[in-house]
Protein chains: 2
Amino acid sequence: MVENNELRKVGLKVTLPRVKILQMLDTTDQRHMSAEDVYKALMEAGEDVGLATVYRVLTQFESAGLVTRHNFDGGHAVFELSDGEHHDHMVCVETGEVIEFMDHEIEKRQREIVAEHGYELVDHNLVLYVRKKA
Amino acid sequence: MVENNELRKVGLKVTLPRVKILQMLDTTDQRHMSAEDVYKALMEAGEDVGLATVYRVLTQFESAGLVTRHNFDGGHAVFELSDGEHHDHMVCVETGEVIEFMDHEIEKRQREIVAEHGYELVDHNLVLYVRKKA
DNA sequence: ATGAATGCAAAAACTTTGCATGACG
DNA sequence: CGTCATGCAAAGTTTTTGCATTCAT
């Protein structure tokens, strides 16, 4: 089971809830799930995991670098399995669809701008809100 | 009183809470205030405005384009008086300091990327998390 | 066995809403 | 005056926490 190794690798004890949540994130067709989404999906799959545990585990996964948390507009956070490759997001304001993208020019400009101000880039967050062209 | 005209211009009735909140945002030295920040600042200034009203008014101001709401990381929204000029933010992860910037190259690239995917840009959100260079 | 993880329920943090009262035009 | 805005308190959301129990090693 690949999931077990993933967990051991980051120093988390291999427990049923953690494995199930990791599998859920790995096999879902949604790229981004909220804690509630994960919880409901697990319930529907007949897995009995508490919502509090889902929150706790997702937060641990984030600290461990296994998932990325996004605060898109609208109250709740969503999580995405990190694939090591950095990317940014485009969110359609009409359909809610999420498209991932990566642009070297923007990435480079960001580092330049930060350096011009005497800082170094630790992380960044770019979300483009878009609409299908009429 | 400049504030009164601002309010009339966007079709909002000129009421004491609205004027006070607008003045608060205009005169504060913090660049970004949460609803709670505004509320507390008003209380300290001896102005008696309800927290619910602060939330309602800030939301109206946002709809009217008077302020911009940001969902930086960490639960609560912050508001900033809009100066018409668009800009993005750099947040120092150590001091919490917020620096505003604007880069034409990034802005342009964003529009290009979105267009390449068959969309048009409605809005965007870019935050660079930075640290003072060692 | 022993310390960590879980589940539940309670609480915390943030924001919205219902309704009676009061203020703006 | 009629209507819209306000204040309060209550309810909604999302997320966190305390604590007894269960599980992993």
Side-chain angles (χ1 to χ4, degrees), chain A residues 1 3-24 32-43 45-64 66-80, chain B residues 1 3-24 32-43 45-64 66-80:
Chain A
M1 215 159 285
E3 281 79 13
N4 297 15
N5 290 325
E6 293 291 321
L7 290 173
R8 288 214 182 78
K9 211 182 304 175
V10 299
L12 287 174
K13 204 181 276 189
V14 178
T15 67
L16 209 70
R18 299 218 256 240
V19 172
K20 290 299 173 194
I21 292 171
L22 195 48
Q23 283 179 347
M24 187 83 267
H32 303 82
M33 300 183 87
S34 66
E36 191 83 32
D37 288 341
V38 172
Y39 174 69
K40 279 195 250 174
L42 289 173
M43 293 302 264
E47 303 295 342
D48 210 344
V49 176
L51 179 56
T53 300
V54 173
Y55 273 103
R56 271 185 297 231
V57 169
L58 286 173
T59 302
Q60 293 159 350
F61 283 4
E62 188 195 10
S63 305
L66 255 43
V67 308
T68 306
R69 180 196 301 253
H70 296 287
N71 293 298
F72 293 160
D73 286 1
H76 62 294
V78 294
F79 299 81
E80 154 187 44
Chain B
M1 215 160 284
E3 281 78 12
N4 296 16
N5 290 326
E6 293 291 321
L7 290 173
R8 290 213 182 79
K9 212 182 303 176
V10 299
L12 287 173
K13 203 182 278 190
V14 178
T15 66
L16 209 70
R18 298 218 258 239
V19 172
K20 290 299 173 195
I21 292 172
L22 194 48
Q23 283 179 346
M24 187 83 265
H32 303 83
M33 299 184 89
S34 67
E36 191 83 32
D37 288 341
V38 172
Y39 174 69
K40 279 195 246 172
L42 288 173
M43 293 300 265
E47 302 294 342
D48 210 344
V49 177
L51 179 55
T53 300
V54 173
Y55 274 103
R56 270 185 298 232
V57 169
L58 286 173
T59 302
Q60 292 159 351
F61 283 4
E62 188 196 9
S63 305
L66 255 44
V67 308
T68 307
R69 180 196 301 253
H70 296 287
N71 294 299
F72 292 161
D73 287 359
H76 63 294
V78 293
F79 299 82
E80 155 187 45

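Quick caveat: nothing in here was measured; it's all calculated off a predicted structure. The analysis underlying the following values was restricted to heavy atoms, covering all of them including side chains, and did not include hydrogens, waters or symmetry mates. Chain naming here is simple, since letters A, B, ... match the order of the sequence lines and numbering starts at 1 in each.
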Do the non-hydrogen side-chain atoms of L42(B) and V38(B) ever get within less than 4.5 Å of each other? yes

Flag the pair F61(A) / L12(A) as yes when at least one side-chain heavy-atom distance between them is below 4.5 Å, and no otherwise. yes

Which label fits F72(A) and H32(A): parallel for a plane angle under 30°, tilted from 30 to 60°, or perpendicular past 60°?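 F72(A) and H32(A): tilted rings.
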
Expressed as a whole number of angstroms, how long is the span from [X]:[atom1] to [N]:[atom2]?
X      : N       : atom1 : atom2 : result
Y39(A) : dG7(C)  : OH    : P     : 9 Å
R18(B) : dT6(D)  : CZ    : C1'   : 10 Å
K20(B) : dA5(D)  : NZ    : C1'   : 17 Å
L12(A) : dT25(D) : CG    : P     : 11 Å
I21(A) : dA5(C)  : CD1   : C1'   : 11 Å
F72(A) : dT14(D) : CZ    : C1'   : 17 Å
Q60(A) : dT17(D) : CD    : P     : 12 Å
D48(A) : dA5(C)  : CG    : P     : 20 Å

Taking all heavy atoms of [X] and all of [Y], pick out the closest pair and write down the distance.
X      : Y      : result
R18(A) : K13(A) : NE-O, 3.0 Å
A35(B) : L58(B) : CA-CD1, 3.8 Å
M33(A) : D37(A) : CA-OD2, 3.6 Å

Quick one: what's the B/S/- string for nucleotides 15-24 of chain C, heavy-atom cutoff under 4.0 Å, read 5' to 3'? BBBB-----B

